[in-house]
Amino acid sequence: MSYVNQSLQKKDAMALVTGQPVYTDDLAPKECLIIKILRSPYANAWIEEIKTENAKKTDGIACVLTWEDVPKKRFASAGQTYPEFSPYDRLILDQHLRFVGDAVAIVAGETEAAVDLALKRIKVKYRVETPVLDMHTAKDNPVLVHPEENWESKFPVGADNKRNLAAKGHEEMGDIDAVLASCKYTVDEVYHTKADQQCMMETFRAYCTKDHFGRLNVVASTQVPFHLRRILGNALGIPSSKIRVIKPRIGGGFGAKQTEVCEIYPAIVTWLTGRPSKIVYSRHEALICASPRHEMEVHVQVGADENGIVKGIKVEALSNAGAYGDHSPTTVGLTGHKAIALYRNLEAYDFDYEVVYTNVQAAGAYRGYGATQGIYAVESAVNELAHKMNMDPARIRELNMPVEGERMYDYDGNLTHTASCTMDRCLARAKEMIGWDEKYPCRDMGNGKVRGVGLAMAMQGSSISNVDVGGATLKLNEDASYTLSLGCADMGTGCDTILSQMAADCLETEFDNVVAFGVDTDVSPYDSGSYASATTYATGNAVINACSELKKRIIKVGAGLLGVAAEEAEFDGKRVYAGDKEVSLQDVAYKGTCGNTQELQVTTAFSSKISPPPYMIGAAEVEVDKETGNIDLIDYVAVVDCGTPINPNLARVQTEGGVAQGIGMALMENVQYSKEGKIRENSFMQYKIPSRVDIGNIRVEFESSYEKSGPFGAKSIGELVIDTPCPAIADAVYNASGVRVRELPITPEKVAMGILKAQLEGENHK
C-alpha cells in the first residue's frame, strides 16, 4: 500500500492551523438573529405565569417564545438509530422545568445587548416543588421527574416514567451465585464514577436559514447530521424533507454532539420568523445544560479459583440519567457488556442495571459510552482480587484475557470466538515499557514519597453490529480526479483523511487526487454518524466497496473505447489497457461526460453483523506524597490493538487524547451539586481538566492484529483509549499509598484521609 498505514498530514491541517473560517460560527451570516435562552433557577418547578410583553417591546427583539408558542409534541434528542432507544420525554420548551438550567424561554434579537436586556425583562412566576437529586432514592420516589401522560418509550428498554425509570434490564448466563460460592477468592465492592464533562474546544452552536423553497437549512457542529435532521423534524412536527443539515468543521465532540443540545432553538426561530438565526453556547452553558457522562454506581462481585482463573462476575449498575433519558438505555448496556467480556473463562455472569431520572442536568454520550464506568469497576475489582490472592495483577490478566481463537461473549451475551486479538502482546509490551517487573508494586523514593504502578485492560467495539450504517459516494471527475462524498462527521479526528487514504490505495491514485467533502444531508450518502467507533470500520468498508464498483465501471467504459470486452481489460490507476492497446483515465473521464450511458459515480453502504473489538493495555506509574496525599502521574504507557492503523500518527494522537481525558476522570474531574440542584463546577475556574503538566509522560505503541472483516485489516480506536486510565491509576495509587479509593476522582484529600485513617486504626489495634 502507498498510503494506508502511513502518517499523512490531515487534509484540513493547514486551514485549521492558519485560522481559516471553517467552523460553524465563522460561516454564519452577519444578519443572523442572536439567540439566548432564559434558564430555570430551580431544579423542579412549574411555570405558573410568564410575562414577556416588556421583553418583546425591547428595541431590536424579533421574537420571544415560551412553552405556549411551540409544538407540544415530545421527542428524543439522542442521535441514534430509529426507533430511538431513548424515551420521548422532551419538548422544545416545557411548562415543567426539571433541572437548574432547563430552558424557560427563547429570545432572538438583532444584537447581543438587546437580547440580554430582553432576558432581564421577562417575568416568571414559578411553583417550586421538591426535587429528586439523589439517584439512590429516585426509583419509585413519590416525586416524579416525568409525570406527563404523553411521555413515550418506543423501544422495550424497561423504561417507566411512573417509577422514574429511564431503563431497566437483566442478563445472565449460568448460576452466578453457585459459581461465586465455589470460588476460593472473591471480591464484593461498589465503585462510583461521577458525571464528567466533554470539554471540547468548540462549544455547542448552530445557525439556520430558510431557502427560497421554504426549507429549513441547518448548519451545526454535530456528530450526527442525518439523525439531527430526523430529531428536528420530530420536534417541529414537519417532514424531514423540509430540513437540510450541513456539517462544517467541528472543534471536538467526544460524544457531546451526538445529542441535539442547541440546534432546536435557531430551528424554531427561523422556522417561525423566516429570518436567519444562530446560537452559540457560552462555556458556562456548556457546563450546566449540556450532556455529560452518566454518573454511575457499579456493584461488582468477582470470583476466582485457587489458580487465578476468574470464573464468575456479577455487575449491578445504577445510572443517573438526569432530567431526560438521552442515551440512557444504551450507555448502561456497555457498562456490563464490555467489561464482562474481557474474561474468557467465565462459567457464569450476571448483569443487572437500572437508569433513573433525577432533577439534575441530563447526561448523554461521552467517549467510552458506559464502558468506561464498567471497565473501571470490573478492572478495579480484579486488581483487588489479585491483591487478595497475592498474585501479580498482570498475571491474572494473562490467565484470563481475550486470546485470538479462544471463546468470548459478544455484546449480546452470545458465546463466540475472538477473531483478531493481540492482547497478550499488548500486555507483554506494556510491562516492558513501564518496567513492571522492576517497579511492581512500589518503590520508596525517600522524603515520604512512594512510587507505585498499576495496570488495566480494555476492549470496545467497531460500530454497533446490525445497526450502524456507513455510506460513501465516489465520483470520477472529468480531470481524472475523484470526489469522495461522506455522510460521517469528521470531528477533528481526521476521518476525511484516513478514508481518502483508503480510496487512494484502492484506486491506485495519488492521495491528493481524492477530494473528500463533509456532510450535507441533501447530497451526502446516508451514514449513521460519527459515534460508536464506527467511522474507520463501517464507513471505511463503504469506501472500499465504492472503489471496487467504480473501478469496474471505469474498466467497462475504457474497454468500450478500446473496442474490447470488459473481461479483457485491466486498470492500473492511470490507464485502462488490453494487450498493447491503452486509453488514459483522463480519456475515460471525458467519455463519462458525453455519449456514455455508464455512470461513473457510485454510492454504497455498509453495515456489519459483527463488531470486532479493539483491545488495549494501559499501565500507570504515580508518585504519592504520603504526608499530603498529593498524586503526580509520572508515566503512562498505552499499547493498542486497533488492527491495522490506517494513519499511525492520527491513531497515536487519538490514543494520547483519550488517555489524557481518562487521567482527568481519574484524578480531578468532578460534577457536584448543591442541595438546591445547582452545579458547583460551572466554569473552568471550578471544573478542573488536566493541563499538559498534569498528564506526565504518555507513551503509545501499537501491537497490530489483522481484522479480516475490516478495511485493510483495521478496527476502531476512538473510544477504547479512554477506558484504562481510571483502574490503572487507582491501583497505582493503592500500591503507592495503601489507600483504595473507590469513588472517582482520586483526590489528594481522599488519599491523605485514607492514610490517616489507616494510621489511627493501626494505633488503636496496638
Verdict with reasoning, K257 to E202, per salt bridge (Lys or Arg N to Asp or Glu O under 4.0 Å): CA-CA 10 Å; K257 294 172 183 176; E202 181 196 36; 3.1 Å; yes
Trace of the side chain to side chain contact (heavy atoms under 4.5 Å, CB included) decision for Q661 with Y366: CA-CA 11 Å; Q661 287 179 312; Y366 186 0; 3.4 Å; yes
Stepwise side-chain hydrogen bond (donor to acceptor under 3.5 Å, both in side chains) test for N647 and Q501: CA-CA 8 Å; N647 186 311; Q501 289 176 250; 2.9 Å; yes
Steps toward side-chain hydrogen bond (donor to acceptor under 3.5 Å, both in side chains) verdict (Y636, T724): CA-CA 10 Å; Y636 198 94; T724 60; 2.7 Å; yes
Verdict with reasoning, E406 to T418, per side-chain hydrogen bond (donor to acceptor under 3.5 Å, both in side chains): CA-CA 6 Å; E406 296 291 331; T418 306; over 6 Å; no
Side chain to side chain contact (heavy atoms under 4.5 Å, CB included) evaluation trace for Y343 with M457: CA-CA 10 Å; Y343 292 85; M457 61 182 180; 3.5 Å; yes
Evaluation steps, side-chain hydrogen bond (donor to acceptor under 3.5 Å, both in side chains), between E707 and S709: CA-CA 6 Å; E707 173 53 47; S709 70; 2.6 Å; yes
Worked verdict on E260 versus R229 for salt bridge (Lys or Arg N to Asp or Glu O under 4.0 Å): CA-CA 10 Å; E260 183 281 303; R229 181 178 64 175; over 6 Å; no
Derivation and outcome, side chain to side chain contact (heavy atoms under 4.5 Å, CB included), residues V639 and M616: CA-CA 6 Å; V639 187; M616 175 183 178; over 6 Å; no
Check against ring pair (Phe, Tyr, Trp, His ring centres under 6.0 Å), F351 and Y349: CA-CA 7 Å; F351 178 34; Y349 70 80; 8.4 Å; no
Intermediate values then yes/no, salt bridge (Lys or Arg N to Asp or Glu O under 4.0 Å), D641 and K715: CA-CA 8 Å; D641 166 19; K715 298 185 287 189; 3.2 Å; yes
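Using modelled atom types, one finds a donor on one side chain and an acceptor on the other under 3.5 Å when comparing E669 with Y687. There is a side-chain donor-acceptor pair under 3.5 Å between S608 and Y537. At a cut-off of 3.5 Å, with distance as the only test, a side-chain donor of N670 or K194 sits close to an acceptor on the other residue. One side chain, T372 or D723, offers a donor N or O that lies under 3.5 Å from an acceptor on the other. Looking at R90 and S77, their side chains do bring a donor and an acceptor atom within 3.5 Å of each other. A donor-acceptor contact closer than 3.5 angstrom links the side chains of N383 and R397. For T473 and T603, the side-chain atoms include at least one donor-acceptor pair closer than 3.5 Å. Side chains of N466 and S607: a donor-acceptor N/O pair is absent below 3.5 angstrom, by distance only. For the residue pair Q373/T335, the side-chain donor-acceptor check at 3.5 Å is not satisfied. Looking only at atom types and distance, the side chain of E404 has no donor-acceptor partner in the side chain of S420 under 3.5 Å away.
Classification of the F155-F85 ring pair by plane angle, with boundaries at 30° and 60°, yields tilted. A tilted orientation is assigned to the rings of Y531 and H227, their planes being inclined by 30° to 60°.
Looking only at distances, no side-chain donor or acceptor of S524 sits under 3.5 Å from a matching main-chain atom of G487. Between the T222 side chain and the V224 main chain, a donor and an acceptor come within less than 3.5 Å of each other. Of the possible polar contacts, none joining the S319 side chain to the V355 backbone as a donor-acceptor pair under 3.5 Å is found. In this structure, T203 contributes its side chain and Y281 its backbone to a donor-acceptor pair below 3.5 Å. Judged by distance alone, the side chain of Q460 and the main-chain N or O of G368 form a donor-acceptor pair under 3.5 Å. Between the side chain of T497 and the backbone N or O of K11, at least one donor-acceptor pair lies under 3.5 Å. Between the side chain of N400 and the backbone N or O of V310, at least one donor-acceptor pair lies under 3.5 Å. The closest donor-acceptor contact from the side chain of T193 to the backbone of E295 lies at 3.5 Å or more, if one exists at all. In terms of modelled atom types and a separation under 3.5 Å, the side chain of S704 and the main chain of G643 share a donor-acceptor contact. For the pair N545 (side chain) and S548 (backbone), a donor-acceptor distance under 3.5 Å is absent.
In this structure, R367 does not pair ionically with D196, as no charged nitrogen and carboxylate oxygen lie closer than 4.0 Å. Salt-bridge formation is not detected for the pair R425/E701: no Lys NZ or Arg NE/NH1/NH2 atom is positioned less than 4.0 Å from an Asp or Glu carboxylate oxygen. Between E398 and K431 a salt bridge is recorded (basic side-chain N to carboxylate O distance below 4.0 Å).
You'll find the side chain of L474 reaches within 4.5 Å of the side chain of C547, heavy atoms only. Side-chain contact between L342 and V378 is absent, with no heavy-atom pair separated by less than 4.5 Å. Contact annotation: the side chain of T536 never approaches that of S716 to less than 4.5 Å [non-hydrogen atoms, C-beta and beyond]. You'll find the side chain of M665 reaches within 4.5 Å of the side chain of R293, heavy atoms only. Between C495 and L650, every side-chain heavy-atom pair lies at or beyond the 4.5 Å cut-off. I246 has its side chain out of reach of V218: every pair of non-hydrogen atoms, C-beta onward, lies at least 4.5 Å apart. Residues D505 and F712 form a side-chain contact, since some pair of their non-hydrogen atoms from C-beta on lies under 4.5 Å apart. At least one side-chain heavy atom of T24 sits less than 4.5 Å from a side-chain heavy atom of P248.
In this structure, the separation between CD on Q9 and CZ on F511 is 9.0 Å, given to the nearest 0.5 Å. With values rounded to the nearest 0.5 angstrom, F254 atom CZ is found 9.5 Å from T493 atom OG1. The CG atom of L720 sits 8.5 Å away from atom SG of C642, with the distance rounded to the nearest 0.5 Å.
Looking at every heavy atom in both residues, M668 comes nearest to I689 through SD-C, 3.5 Å. Across S86 and S328, no two heavy atoms sit closer than the pair OG-N, 4.3 Å. Among all heavy-atom pairs drawn from I722 and G662, the shortest one is CG1-N, 3.6 Å. Taking each heavy atom of V523 and S485 in turn, the nearest pair found is O-OG, 4.1 Å. Residues S462 and S611 share a closest heavy-atom pair of N-OG, 2.9 Å. The nearest pair of heavy atoms linking E379 to P727 is CB-CB, 3.6 Å.
Among H294, H327, H337, the single residue meeting the ring-ring contact (aromatic ring centres under 6.0 Å, His included) criterion with Y369 is H327.
F75 has its ring centre no less than 6.0 Å from the ring centre of Y88.
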